[in-house]
*Asks:* 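Let me give you the structure first, and then I'll get to my questions.
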Amino acid sequence: MENNRRWWALVAVALGTFMTYLDNNVVNVALPSIQRDLGLSIAGLEWITSAYILVFAGLLLAGGRVADVLGTRLAFLSGLVIFTVASVAAGLADGQELLIGARAVQGVGAALLAPASLALLQELFPDPKERGAAIGVWGGVGALALAIGPFTGGVLSEHVSWGWIFLINLPIGVATLALTLLSVPRPAVRGRSAGVLRRLDPAGLLASSTGLFALTYALIEGDAEGWTSPLILGFFGVAAAAAVLFVLLQRRNADSMVDLAFFRSRMFTGGLLAMGLWAFGVFGIYFYMAIYLQNVLGFSPTEAGAAFIPMAIITAVGAVLAPRLELRFGVARVTAFGLAVMAAAIGGIAQYGTGTTYGDLLPWFLLYGVGGGLLIPLNTVVVDALPPQRAGIASGMLNVSREVFGLLGVTVLGAILTNRATAADGSELDRYLEGYQFSLVIAAVLVAVGVPVSLWMLRREPAPLPEPKVLETV
């Protein structure tokens, strides 16, 4: 395709990704405003966030398979339309049921759009060097969305109306739709359409979605219900049973959605693990740092959201530069260095309690952003490790790793924080800080585990030497 159309297509894919990432965290800061306006119960308030995450995480593998079988362009456009329409419904909702339902439908759209976006980049940029640059830009835009989300939610809910945190997706969605239709070419018409349902692997889709849904629900509700409660243990049991069934189904299906041989690839498995550790740190730290800034340091919601913007800008810049560093030093070293820097930054942030200023935290925030940006090339590593016709499922698995480990970051750190705070002495604030600082230290250690993992699993094997030529004598 023409060069300028290709880069306009990158803008479209980046905007679509920006919307889904933004909606992943834009709601949290606006929840108090939504509760006051709609008179929601605490349970209803929790489901505004949980409905989106549950459906999104549960359908990610299904979305990746749809992209592989029906085409990345169709999956991306379908997800974009569903997500945009559901966003308008959420923004205009006047009751709990409509808002929660719209959030669930947003999750359906995001589960189609997210895997297709990364797979589209592989199609649009076949040259590895250009693809690395494109994924760097795409990753940088996603990093910006992680921080702009809380800030946008704070500003709109505080100064305009909470409905606009969803309605803002309408102009973005329309612009993205127009750009996609104009710049992303239609795929070549395939010679046959028979067997599409079989290739979609309905049994595999059902098993994977059930398992991911059950696991996500258990991680979200485990702290509130009790990790050993019959409900949570039951959902963990369903997740385990669905995972076993999924593996059995994939072994018997000649055209399985997830070939188990994928995991024999060191680069593929190592990339998923490293990305998971990145998400563990990013999601967990963003969540608990936002609470710390507001409840301990007295920041307003808007101020707390703005505090993360410098970190996100550094992450975005690092994401753009990381592919060049990867070419020079190799993905194993760049990833290991990024995780090491993140771990050091988390350990630095853990030093601070009351009486802290934003200036004290800012250097550590910036260092954290440097480390986070360096892990963007992992997207290329994971997708390139599989055949091109499996780019959708590779992207889906990458997103699953990010979402599940991100939820683990929130739930595991939350459990550690609560247990440590309960065992500590002193005032309520002192006990909270004891748990908060200890949980950050644990997070730093777990992220640092990724350093040796990356150095070992992501190292590229040297190319074999050519066979020496044998001169024949006549």
*Asks:* Drop me the distance from L339's CG to M275's CE, to the nearest 0.5 angstrom.
*Replies:*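 Atom-to-atom, L339:CG and M275:CE are 9.5 Å apart.
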*Asks:* CH2/W8 to CG/L179 distance, rounded to the nearest 0.5 angstrom?
*Replies:*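 Spacing of CH2 (W8) from CG (L179) equals 6.5 Å.
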*Asks:* Check G63 against P115 and note the closest heavy-atom contact, atom names and distance.
*Replies:*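 The answer is C-CG, 4.1 Å.
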*Asks:* Look at the side chain of T20 and the backbone N and O of T17, then say whether any donor-acceptor pair between them is shorter than 3.5 Å.
*Replies:*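 Checking the backbone N and O of T17 against the side chain of T20, a donor-acceptor pair under 3.5 Å is found.
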*Asks:* How long is the gap from CG on L277 to CZ on R402, to the nearest 0.5 Å?
*Replies:*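 Taking CG in L277 and CZ in R402, the distance rounds to 14.0 Å.
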*Asks:* Using a 6.0 Å cut-off, check whether atom CZ of F337 has over 12 heavy atoms from anything other than its own residue.
*Replies:*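 Atom CZ in F337 is not crowded, with 12 or fewer foreign heavy atoms closer than 6.0 Å.
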*Asks:* Among side-chain atoms of D360 and T357, is any donor-acceptor pair under 3.5 angstrom?
*Replies:*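 Yes, because at least one side-chain N or O of D360 sits under 3.5 Å from a partner of the opposite role on T357.
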*Asks:* Is there side-chain contact between T176 and F76, with heavy atoms separated by less than 4.5 Å?
*Replies:*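 With C-beta onward as the side chain, the pair touches.
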*Asks:* Do Y352 and W364 have side chains that get closer than 4.5 Å, going by heavy atoms?
*Replies:*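 Touching, per the 4.5 Å side-chain cut-off.
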*Asks:* Where the side chain of T84 meets the backbone of V81, is there a donor-acceptor pair that is under 3.5 Å apart?
*Replies:*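 Not a single qualifying donor-acceptor pair exists.
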*Asks:* Is W138 reaching over with its side chain to a backbone N or O of L10, donor-acceptor style, under 3.5 angstrom?
*Replies:*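 No; zero donor-acceptor contacts below 3.5 Å.
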*Asks:* What's the shortest heavy-atom distance between Q351 and Q437, and which atoms?
*Replies:*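 Smallest heavy-atom distance, with atoms named: O-NE2, 3.7 Å.
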*Asks:* Side chains of L417 and Y432, heavy atoms from C-beta outward: is any pair under 4.5 Å?
*Replies:*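 Yes, their side chains come closer than 4.5 Å.
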*Asks:* Without swapping roles, check the side chain of T269 against the backbone of R266 for a donor-acceptor pair under 3.5 Å.
*Replies:*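 Side chain of T269 to backbone of R266, a donor-acceptor pair under 3.5 Å: no, none is there.
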*Asks:* A444 and G347: which non-hydrogen atoms are nearest, and at how many Å?
*Replies:*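 The pair with the smallest heavy-atom distance is CB-N, 3.9 Å.
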*Asks:* Verify side chain to side chain contact (heavy atoms under 4.5 Å, CB included) between L273 and M457, making sure each step is shown before the conclusion.
*Replies:* CA-CA 9 Å; L273 285 174; M457 298 194 73; 3.9 Å; yes
*Asks:* Taking the side chain as everything from C-beta on, heavy atoms only, tell me whether L297 gets closer than 4.5 Å to Y292.
*Replies:*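 With C-beta onward as the side chain, the pair touches.
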*Asks:* Is there side-chain contact between F56 and Q106, with heavy atoms separated by less than 4.5 Å?
*Replies:*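 They are not in contact (no side-chain heavy atoms under 4.5 Å apart), so the answer is no.
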*Asks:* Working to the nearest 0.5 Å, report the span between OG1 of T180 and CG of L113.
*Replies:*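 One gets 8.5 Å once the value is rounded to the nearest 0.5 Å.
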*Asks:* Tell me, do L293 and F308 make a side-chain contact under 4.5 Å, heavy atoms counted?
*Replies:*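 L293 reaches F308 side chain to side chain.
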*Asks:* Where does the angle between the aromatic ring planes of Y52 and F83 fall among parallel (under 30°), tilted (30 to 60°) and perpendicular (over 60°)?
*Replies:*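 Y52 vs F83 ring planes: perpendicular.
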*Asks:* Answer yes or no: is there a side-chain heavy-atom contact under 4.5 Å between V331 and M267?
*Replies:*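 The answer is yes; the side chains approach within 4.5 Å.
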*Asks:* Below 6.0 angstrom between ring centroids: does that apply to F235 and Y217?
*Replies:*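 Yes, the ring centres sit under 6.0 Å apart.
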*Asks:* Locate the shortest heavy-atom distance separating A307 from Y358; write the atom from each residue and the value.
*Replies:*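 Distance-wise, the nearest heavy atoms are O-OH, 2.6 Å.
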*Asks:* Nearest 0.5 Å, please: how far is CZ in R103 from CG in L98?
*Replies:*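 Atom-to-atom, L98:CG and R103:CZ are 13.0 Å apart.
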*Asks:* Taking E434's backbone N and O only, do any of them form a donor-acceptor pair with R420's side chain (distance below 3.5 Å, no angle check)?
*Replies:*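 Looks like no, no N/O pair under 3.5 Å.
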*Asks:* Between the side chain of S117 and the main-chain N/O of A114, is any donor-acceptor distance below 3.5 Å?
*Replies:*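 Checking the backbone N and O of A114 against the side chain of S117, a donor-acceptor pair under 3.5 Å is found.
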*Asks:* With a 4.5 Å cut-off on side-chain heavy atoms, are F438 and I416 touching?
*Replies:*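 When only atoms from C-beta onward are counted, F438 and I416 do touch, with a gap below 4.5 Å.
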*Asks:* Grab the two heavy atoms, one from V334 and one from L374, that are nearest each other, plus how far apart they are.
*Replies:*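 Here V334 and L374 meet closest at CG1-O, 3.5 Å.
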*Asks:* Looking at every non-hydrogen atom in both residues, tell me the closest pair between L440 and I346 and how far apart they are.
*Replies:*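 The pair with the smallest heavy-atom distance is O-CG2, 3.2 Å.
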*Asks:* So how far is it from T228 OG1 to I232 CD1, rounded to the nearest 0.5 Å?
*Replies:*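 Those atoms lie 10.0 Å apart.
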*Asks:* For L167, does its backbone N or O pair with a side-chain atom of S87 as donor and acceptor, under 3.5 Å?
*Replies:*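 Here the side-chain-to-backbone pair does not exist.
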*Asks:* Counting N and O atoms only, with roles assigned by atom type, does the side chain of T315 sit under 3.5 Å from a partner on the main chain of G369, one being a donor and the other an acceptor?
*Replies:*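 It does hold such a pair.
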